[in-house]
Amino acid sequence: MYNEGLENYRKKIASVKADEMVLNMGPQHPSTHGVLRLELITDGEIVREVIPHMGYLHRCFEKHAEMLTYQQTIPFTDRMDYLASMNNSHAWVMGVERMMGIDKEIPKRVEYIRVLVCEMNRIASHLIAIGTYGIDIGAFTPFLWCFRDREHIMGMLEWASGSRMLYNYIWVGGLFYDLPVGFEERCLEFISYFKPKMVELNQLLTDNQVFINRTANVGILPLDVAINYGCSGPMLRGSGLKYDLRRIDGYSAYPELEFDIPVGTGLMGKVGDCWDRYKVRVDEIEQSLKIMEQCVNRLQKELKRTPDFDPRAKLPRKLTPKAQDFYIRAENPRGELGFYFIADGKTEKPFRVKSRAPSFCNLSVLSEISKGVLIADLVAIVGSIDFMLGEVDR
Amino acid sequence: MIFEDIKNILITKFGSDIIVGEETSGLQWALLIAPQNITAVCLELRDNPATYFDFLSNLSGVDYGTAENRFGVVYHLASIPYHTQLTLKVSCTINPDADALPTCQSVSSVYKTAEWHEREAYDMLGIFFKNHPDMRRILLPDDWEGFPLRKDYVEAEEYKGIKIK
């Protein structure tokens, strides 16, 4: 009885017709970024069905989290979506703080620094998404340009935290360090450097007719399908829904900041196509720059660095939340990242942790939207989902 | 829409047996649903214009430990138009002597996203979902033995003759 699903799958693969073919795309195909195998049933150039196989990275995040204390797990959350480590640890830390009941006591300066570094990380993550999407489509220059600009952010975050990608910077109750002296000024320098670069990138890629032809009207994801499949982030907003957890839940310092939520409008084709998802990311970078500016402004004027400010002052000596279960969600560059905790109230370790990774749900819609497309278009669709296998199989 | 209203909607529709308990002590309140009715409850909560829980945020399987001999599935629903959240829980006991897996109803006919979440719960905790269209392991190889997130799981020594410990 329990092997029925496996039998059905084997039968399906065995029963392909004479003019159909079973093709493996990846794990080494560039559009699958190394760690995903797509099994395609194809009829010539047409994709009849896509069956994703993952688990190549599976590094047991949830099991680890049950073995370690809440603080010790923060470096592991960094590794889930390693292009947006700050956002991951922010979500984890918020969840633990709320369980401990200390979320209202976090100093404003700490909250603003968290939002600042998270938005920087969001820009860096979107730059990779856009750059590698260019590669998927066949353009190499945008990739180089995006990586060049991302490097500035990497350098700054390294300066703040001491490590390049896996920061372990945001801690329960505070931060590992305060920002280094001169960080705010350099943020402003970066913003004024980066704004014209975005204009150039738009000229190179967004308005490029070849790029538009390859992405507009391809992989259309209708809104009801997106919601039913649990898609979130730019996938959901690309289908035209203004839904952003930074606004809905209003966590951290976001309610005090001004920013818009870009959505897909079907400017080049239908609403929810690959181009819309791409454009949402480009527009989000602009909004993140706006948030950065506001954060830096407040950090420089009202929430200044003082010699006696200790970002670790609120760090609890012992982290034992009372017995409860709690689900926290936050808006990551790829969508809704959620952590479900069960605390038993006796130990410093969670009894059970389940992480709801945005890429996991976003990827599940792939076989739905790629029925009957061309193989070359499948590459465009896979790239537009912008999944991160590190959090798909965790 | 508050907790009591949701309870009333469910009780008027399905009768008072549908809710077997509730948890109102923590930060997020939860409804405990009878396991055989979870699909109908989700469908009602999704389609009722008063609740409209159209987004399944998360589905997690839970092993409550060998002492309790109980498995659970926790559903976190969200309503996009109303900006509300709701937690549903079902639990199933297992017979430790028999070789049967704890079994639960699949909600993948209501929320498509549950398809992969349920496969993961099956893969990691060995919770079987009835009426699931494609019940296979998702992260581990098809021939893997045991369910790693169970509390009594013992790490495998080798896989296909290769030492992995």
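What you see is a predicted model; the values in this text were computed from it and never measured. All chains are named by letter (A, B, ...) in the order of the sequence lines, taking the proteins before the strands, and each is independently numbered beginning at 1.
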Does B:Glu158 have more than 12 heavy atoms from other residues, nucleotides or ligands lying within 6.0 Å of its CD?
yes
Separation between CE of B:Met124 and CZ of A:Arg394, rounded to the nearest 0.5 Å:
8.0 Å
Assess the residue pair B:Ile138 and A:His53 against the criterion (side-chain contact (heavy atoms from CB on, under 4.5 Å)); give the C-alpha distance rounded to whole Å, side-chain angles, the decisive distance to 0.1 Å, and a yes or no.
CA-CA 7 Å; B:Ile138 186 165; A:His53 295 271; over 6 Å; no
Find the distance between CZ (B:Arg136) and CD (A:Glu4) and round it off to the nearest 0.5 Å.
13.0 Å
Residue pair B:His117, A:Lys354: steps toward the side-chain contact (heavy atoms from CB on, under 4.5 Å) verdict
CA-CA 11 Å; B:His117 277 111; A:Lys354 155 93 189 181; 3.6 Å; yes
Shortest non-hydrogen pair, B:Thr113 vs A:Cys361, comes out as OG1-SG, 3.8 Å
Engaged part of A:Ile51 at the chain B interface, taking heavy atoms whose separation is under 4.5 Å
side chain
Chi angles and distances behind the side-chain contact (heavy atoms from CB on, under 4.5 Å) call for B:Leu139, A:Met54
CA-CA 6 Å; B:Leu139 299 178; A:Met54 52 269 176; 4.1 Å; yes
Is the cationic atom of A:Lys63 (NZ for Lys, CZ for Arg) positioned less than 6.0 Å from the six-membered ring centroid of B:Tyr153 and within 45 degrees of its normal?
no
Okay, A:Glu66 and chain B: the region with an atom under 4.5 Å from a heavy atom over there is side chain
What residue, out of B:Thr87, B:Asp134, B:Val74, B:Leu140, has the most heavy-atom pairs lying under 4.5 Å from chain A?
B:Val74
Whether B:Phe55 and A:Tyr243 hold their rings parallel, tilted or perpendicular, with breakpoints at 30° and 60°:
tilted
Could you pull out the closest heavy-atom pair between A:Phe360 and B:Glu120, with the gap in Å?
CZ-OE1, 3.3 Å
Greatest number of heavy atom pairs closer than 4.5 Å to chain A - which of B:His83, B:Glu115, B:Glu23
B:His83
In Å, rounded to the nearest 0.5 Å, how long is the span from OG of A:Ser355 to CG of B:Asn58?
8.5 Å
Carefully, step by step, assess A:Leu363 and B:Trp116 under the rule side-chain contact (heavy atoms from CB on, under 4.5 Å).
CA-CA 10 Å; A:Leu363 180 63; B:Trp116 277 24; 3.9 Å; yes
